[in-house]
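Here the structure is laid out as structure tokens; the discussion comes afterwards.
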Amino acid sequence: MKYSKSLIPTLRETPSDAEVISHQLMLRGGYIRKVAAGIYTYLPLGFKVLKKVEKIVREEMENAGAQELLMPMVVTAELWGKSGRWDLYGKELLRLKDRHARDFCLGPTHEEVITELMGTEIRSYRDLPMNLFQIQTKFRDEVRPRFGLMRGREFVMKDAYSFHTTDEDAEREYMNMFEAYKRIFERCGLKFRAVEADTGSIGGSFSHEFVVLAESGEDAVASCDTCDYAANVEKAVAKSKRYLPPEEVTPQAIEKVSTPGKKAVDEVSAFMGVTEDKLAKTLIYLADGNAVVALIRGDHELNEIKLKNIMGCSELELADPETVQKVTKAPSGFAGPVGLKDVEIYADHAIEVMHNFITGGNEKDVHLKNVNRDRDFSVTGFYDLKTVVTGDECPRCEGKLEIHRGIEVGHIFKLGTKYSEAMGATFLDADGQEKPMIMGCYGIGVGRTAAAAIEQNNDDNGIVWPMPLAPYEVLITTLNPKDDEVRELSESIYSSLRKKGVEVLWDDRDERPGVKFKDADLIGIPVRVTVGARGIKEGKLEVKLRSEKDARAVATSEIADAIEGIIKNWTDKL
RNA sequence: CGGGGCGUAGCGCAGCUUGGUAGCGCACCUGCCUUGGGAGCAGGGGGCCGGAGGUUCAAAUCCUCUCGCCCCGACCA
């Protein structure tokens, strides 16, 4: 493709509303343009990158035995009613009406459609297993879209759904997808980790996220510095063994202490002259509207997702001041477990081994010293409620956990029968018994993968594409296209590369060299050949990799072969 | 949804406090010149100052409402 004929509107300055580097560079490099919040047009370069990701995903999915299909973007409310999600999904689901005032939504995911399809088309165990996928535009009306393609409202996603007759087979396919995903992200040239994840509202029994490591990521993952344990912090567990068995400590008499205006843990511990781990935080939550109490050690943070999962509720939020007043008979900041009635108390494992600790007194400006469990209060149970932090012990080995930030680009779930039961997707087994299909589902954010690649591969001058995702493999920079000799040599390199099947962008614009080099670095094509009068005189042209600082000089006659070699070298590495 | 901020040329911004001809840099067009890292000179085009209402002789500027966008939080396959 000739640059002079392409739509590549690069920007010298960074648009002010772009926060993260991938968003800035995609805008500046002429890859995307915003149409509305979280909704983008993919310009030719951006679209090419998207197609590169799609191609890798498609090939690996097909190699793994999945088949591609395409479901509609607009789905009926009726179908969503069958799974119960029309009422449950919330505002993220963009609902609309057609001219007959019938309800529809824009599909944020397609479990309903695919399960309905399989329910009607598949009757026998002989037809299973099956894994179907699509690459399609999804719409989720995010509360706060941000970071360009990393968190859009409209976005391209690969979603796959598998159907099985047995749990074992569903788990086999889960592992099959796990391996396929590893290959996909390896082929994309990304540094990533597969981590254990919370299943969230989608349900199901277990799940892994594929996370591209990047400081700008919205996810935090904990990983062990010794073994291969890695989990999203929503799910991550630290070793609880360290808290057991309880030390022998003589319980002392409980004591009221006046703590005027001291509410937060740091204030109370400073006031009392003790470390924060001598306190127990008492948090009042509303779980589906009912007040519950969570107890956690003063220096720990509660992981709300763990609490939510333990209670099995669908909504969990910190209680408002009125509720706190009602439950504890005190303003917030002075809650404690002692004397609480008619309320469930969920305590973290760390509380189990604490003695003579400090809690709120359930009275304004009062805390209690020398509180001991069983003697002074009892709990519903002890659970793992803590959010892990750097330095916690690995639950699997003697190593320590580290926290890294990352971008979730893929997520696989073993779903079970949640949707197949709700939607009546059953089959007859060999004994003539009707059973619900066991399902799995597997997603990859296509645009987000491209954005993640930029987050991981850029420098001060622009994008540094990994070869497999680059919109073009090679850029020919023709310094003076008005010089016949320069132009003709450029053209011959252009056509011989194309004959070899190399994807080439030829910068044939009549621009000053500085402009061309700046644009070249910005858009980030991996290989750049510079054709200028100087090189022709010397019989050698400059071939420079975007990822390397220095260029290499290659004899004019060997340019095409040398470049073919560079590209092949990349492919072989994968 | 709560808190904060911003809407002025394609992009980045000034002007608003104290009302009176709408500006700057980049980009764009023409010409000259220049050609290995975003050149130079000269000339030029482009704006309902987000929208609606109000105050005023007069509003980008003051007031009210509204829409959009961004950031923090809450939320989130």
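Worth saying up front: this structure is predicted, and the values here are computed from it rather than measured.
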Where do A:L70 and A:I135 come nearest, in terms of heavy atoms and distance?
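It is CD1-O, 3.9 Å.
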Side chain of A:P15 - closest among B:C75, B:G12, B:C69:
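Minimum distance to the A:P15 side chain belongs to B:G12.
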Of A:K91, A:R95, A:R153, which meets salt bridge (Lys or Arg N to Asp or Glu O under 4.0 Å) against A:D141?
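The salt bridge (Lys or Arg N to Asp or Glu O under 4.0 Å) with A:D141 is passed solely by A:R153 among A:K91, A:R95, A:R153.
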Watson-Crick/G-U partner (both atom distances under 3.5 Å) of [N]:
| N | value |
| --- | --- |
| B:C6 | B:G68 |
| B:C1 | B:G73 |
| B:C33 | none |
| B:G46 | none |
| B:A60 | none |
| B:A14 | none |

Between [X] ([atom1]) and [N] ([atom2]), how many Å, whole number?
| X | N | atom1 | atom2 | value |
| --- | --- | --- | --- | --- |
| A:Y285 | B:C75 | OH | C1' | 14 Å |
| A:L316 | B:A74 | CG | C1' | 13 Å |
| A:F147 | B:C69 | CZ | P | 17 Å |
| A:E19 | B:G5 | CD | P | 17 Å |
| A:E92 | B:C1 | CD | P | 15 Å |
| A:D17 | B:G68 | CG | C1' | 12 Å |
| A:E408 | B:C75 | CD | P | 17 Å |
| A:L318 | B:G73 | CG | P | 16 Å |

So, the side chain of A:R528 versus the backbone of A:K544: is there a donor-acceptor pair under 3.5 Å, distance only?
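No; judged by distance alone, with no hydrogens or angles, the pair does not exist.
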Modelled atom types, side-chain donor and acceptor of [X] and [Y], under 3.5 Å:
| X | Y | result |
| --- | --- | --- |
| A:E304 | A:Y285 | yes |
| A:H411 | A:S207 | yes |
| A:H23 | A:Y40 | yes |
| A:T115 | A:E111 | no |
| A:H208 | A:Y181 | no |
| A:Q134 | A:D159 | yes |

With a cut-off of less than 4.0 Å, is there a side-chain N or O of [X] near OP1 or OP2 of [N]?
| X | N | answer |
| --- | --- | --- |
| A:T14 | B:G12 | no |
| A:R146 | B:C72 | yes |
| A:R144 | B:C70 | no |

In whole angstrom, give me the gap between the [atom1] atoms of [N] and [M].
| N | M | atom1 | result |
| --- | --- | --- | --- |
| B:C57 | B:C41 | P | 48 Å |
| B:A22 | B:A14 | C1' | 11 Å |
| B:C6 | B:G25 | P | 25 Å |
| B:C29 | B:A39 | P | 15 Å |
| B:G23 | B:C49 | C1' | 12 Å |
| B:A60 | B:U55 | P | 16 Å |
| B:A59 | B:C69 | P | 30 Å |
| B:G38 | B:G47 | C1' | 27 Å |

Using a heavy-atom cut-off of under 4.0 Å over every strand shown, decide if [X] touches base, sugar-phosphate, or nothing.
| X | result |
| --- | --- |
| A:K308 | sugar-phosphate |
| A:K34 | sugar-phosphate |
| A:E234 | nothing |

At under 4.0 Å between heavy atoms, which parts of nucleotides 31-38 of chain B does protein reach? Answer with one letter per nucleotide, 5' to 3': B base, S sugar-phosphate only, - none.
---BBBBB
Among residues 211-223 of chain A, which contact RNA chain B at a heavy-atom distance under 4.0 Å?
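Output list: empty, so none.
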Test side chain to side chain contact (heavy atoms under 4.5 Å, CB included) applied to A:P129 and A:E173, A:R172, A:M437, the passing residue
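Passing option: A:R172.
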Salt bridge check: are A:E112 and A:R85 linked by an N-O gap of less than 4.0 Å?
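Salt bridge: yes.
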Whether A:K158 and A:E54 form a salt bridge (side-chain N of Lys/Arg under 4.0 Å from carboxylate O of Asp/Glu) is what I want to check.
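A salt bridge is absent here (no side-chain N lies under 4.0 Å from a carboxylate O).
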